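What follows is a short report on a single structure.
No experiment lies behind these values; they were computed from the predicted model shown. Any value given below was found using the heavy atoms of this structure, including those in side chains, with hydrogens, waters and symmetry copies removed. Order of listing sets the numbers, starting from 1, for every ligand and every atom in it.
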Amino acid sequence: MTTLTHLECSLCAARFEAGKPHHLCACGGPLLVRYDLEMARASWNREWIRTGPSNMWRYAPVLPVRGPGSVVTLGEGMTPLILARRLGQRVGASNVWIKDEGVNPTGSFKARGLSCAISMAVELGVKRVAIPSAGNAASALAAYAAAAGLEAHIYMPRDVPQSNFIECQAFGARVTLVDGLISDCARLVAAGVEREGWYDVSTLKEPYRIEGKKTMGYEVAEQLNWQLPDAIFYPTGGGVGLIGMWKAFEEMQALGWIGAGRPKMIAVQAAGCAPVVRAFEQGERRCQFFENASTVAAGLRVPKPLGDFLIMDAIRASGGTAVAVSDTDLLDAGVTLASEEGMFAAPEGAACVAALERLLAEGFLKPQERIVIYNTGSGLKYLEAYSTRFPREAGGEPDKLGGLITPR
Ligand SMILES: Cc1ncc(COP(=O)(O)O)c(C=O)c1O
Ligand SMILES: [Zn+2]
């Protein structure tokens with residue numbers, strides 16, 4: 001199965017033994033999982049992948065789980081990659097694709113990371129897990145913890161989308177709503193970890209979520225017949241998907257599956273919370289804390305990503321860029337995408353559509369380039385945000401719910 005060898009600090013390269021619980025390095029750096037890619041190259045062939053499971057565990061040799069019995073899966077990954085012809089025509093590009101992560105369990109790409117993290121928690125004998133979340137990671141954690149029979153403690157901002165709040169409770173997690181942002185939630189989780197001995201599943205403090213998310217990079221290569229696209233649009237909060245895909249490309253090159261070429265990595269943020277865009281424009285490698293962060297794209301409300309230097313390195317090394325989009329523009333783009341392509345995107349994914357239009361108009365991207373947009377979640381999880389576009393009169397009284405099907 002896995003070719004896992006060890007973990008390595010992304011800042012100081014310190015080495016950590018696999019098979020034990022680890023979080024950040026003493027220097028503060030997030031840990032990255034390393035594999036024996038020579039062995040994987042010798043014993044694994046990319047042609048075999050299509051005979052594997054039709055979920056992200058088809059890439060098991062480059063995922064960290066040792067015992068197949070530990071894998072906790074709800075069918076995450078192998079999401080569709082859809083050619084967006086009508087969108088492309090309107091924005092003047094002929095080769096625009098959308099990777100629709102909204103069809104994952106719990107309606108977002110967070111399922112990938114949490115499937116991997118919870119599988120590892122099971123393998124490490126953990127019983128109680130905790131997470132600070134902007135919303136979708138909480139839903140995914142709650143689902144996988146339920147599937148694994150683990151106790152889940154969740155801290156989310158009080159104004160988190162209703163879908164996340166209800167899902168978490170339906171999955172049986174213990175939910176605390178916090179007057180503040182994900183950064184405030186993180187402090188409360190850290191206190192609980194100290195006090196109660198919970199296992200911290202925070203983004204990048206836990207080293208295995210990124211491994212699940214990197215499968216978005218393996219999949220896009222597989223789906224495009226091992227040719228990477230020219231540009232990737234990624235809605236960036238903590239940036240884990242972007243960092244993960246960048247890692248996947250390096251691994252695939254070491255496996256001999258792709259060459260040295262890389263897509264331009266384009267980080268898209270909301271204008272109301274754009275620490276990465278700001279740092280990129282100022283030529284910095286680390287972000288400043290973005291004060292008074294506010295956006296309907298809840299997943300992008302991360303005022304200071306822990307892995308900011310990894311995001312910045314990937315954007316710059318790839319010749320990419322970082323773009324901020326207003327809430328008005330991203331919701332408009334979401335509605336346009338839905339009516340043009342039949343895909344109802346999360347506001348985070350919709351932000352990428354608005355950014356695409358801008359970068360084509362500015363000439364940063366050329367009409368023939370192969371472009372992949374990651375729609376990281378389903379619009380169905382954001383009914384409050386989209387209801388501002390489609391107001392309706394009160395009248396759907398709750399006691400009439402279901403009345404058409406079962407008249408009372
Ligand atoms: C729908 C959606 N898109 C994007 C993001 C940002 O993800 P990342 O941490 O990989 O930048 C989130 C995070 O909560 C999200 O829920
Ligand atoms: Zn270190």
Q | Donor-acceptor contact below 3.5 Å, side chain Lys304 vs main chain Arg286 | A | no
(Q) Could you tell me if Trp57 and Glu76 have a donor-acceptor pair between their side chains, going purely by distance under 3.5 Å? (A) yes
(Q) Quick check on contacts: which atoms of ligand 1 are under 4.0 angstrom from a heavy atom of Asn136? (A) 1 (C), 15 (C), 16 (O)
Q: Just need the protein heavy atom nearest to atom 14 (O) of ligand 1, so name the residue and atom and give the distance.
A: Lys110 CE, 3.1 Å
Q.
For the residue pair Asp36 / Thr3, report whether a side-chain donor-acceptor contact shorter than 3.5 Å exists.
A. no
(Q) Enumerate the side-chain hydrogen bond (donor to acceptor under 3.5 Å, both in side chains) contacts for residues 273-283, please, sequence neighbours excluded, ordered by first and then second residue. (A) none
Q.
Which option wins on minimum heavy-atom distance to atom 11 (O) of ligand 1: Gly379, Gly102, Gly239?
A. Gly239
Q. Which of the numbered atoms in ligand 1 are below 4.0 angstrom from a heavy atom of Tyr382?
A. 1 (C)
Q | His23 ring center near Tyr199 ring center (under 6.0 Å) | A | yes
**Q.** Nearby protein N/O/S atoms (those under 2.8 Å) for the Zn ion (ligand 2), with water ignored
**A.** Cys9 SG, Cys12 SG, Cys25 SG, Cys27 SG
Q: May I ask you to check whether Tyr234 has an N/O atom sitting below 3.5 Å from an N/O atom of ligand 1?
A: yes
Q: Compute whether any side-chain donor of one residue and acceptor of the other, for Lys99 and Asn375, lie under 3.5 angstrom apart.
A: no
Q | Selection residues 135-188 - residue pairs positive for ring-ring contact (aromatic ring centres under 6.0 Å, His included), sequence neighbours left out | A | His153-Trp198
(Q) For Glu151, give me all partners under salt bridge (charged side-chain N to carboxylate O under 4.0 Å, His left out), at least two apart in sequence or on another chain. (A) Arg174
Q. If we only count N/O pairs under 3.5 Å, is Thr236 in contact with ligand 1?
A. no
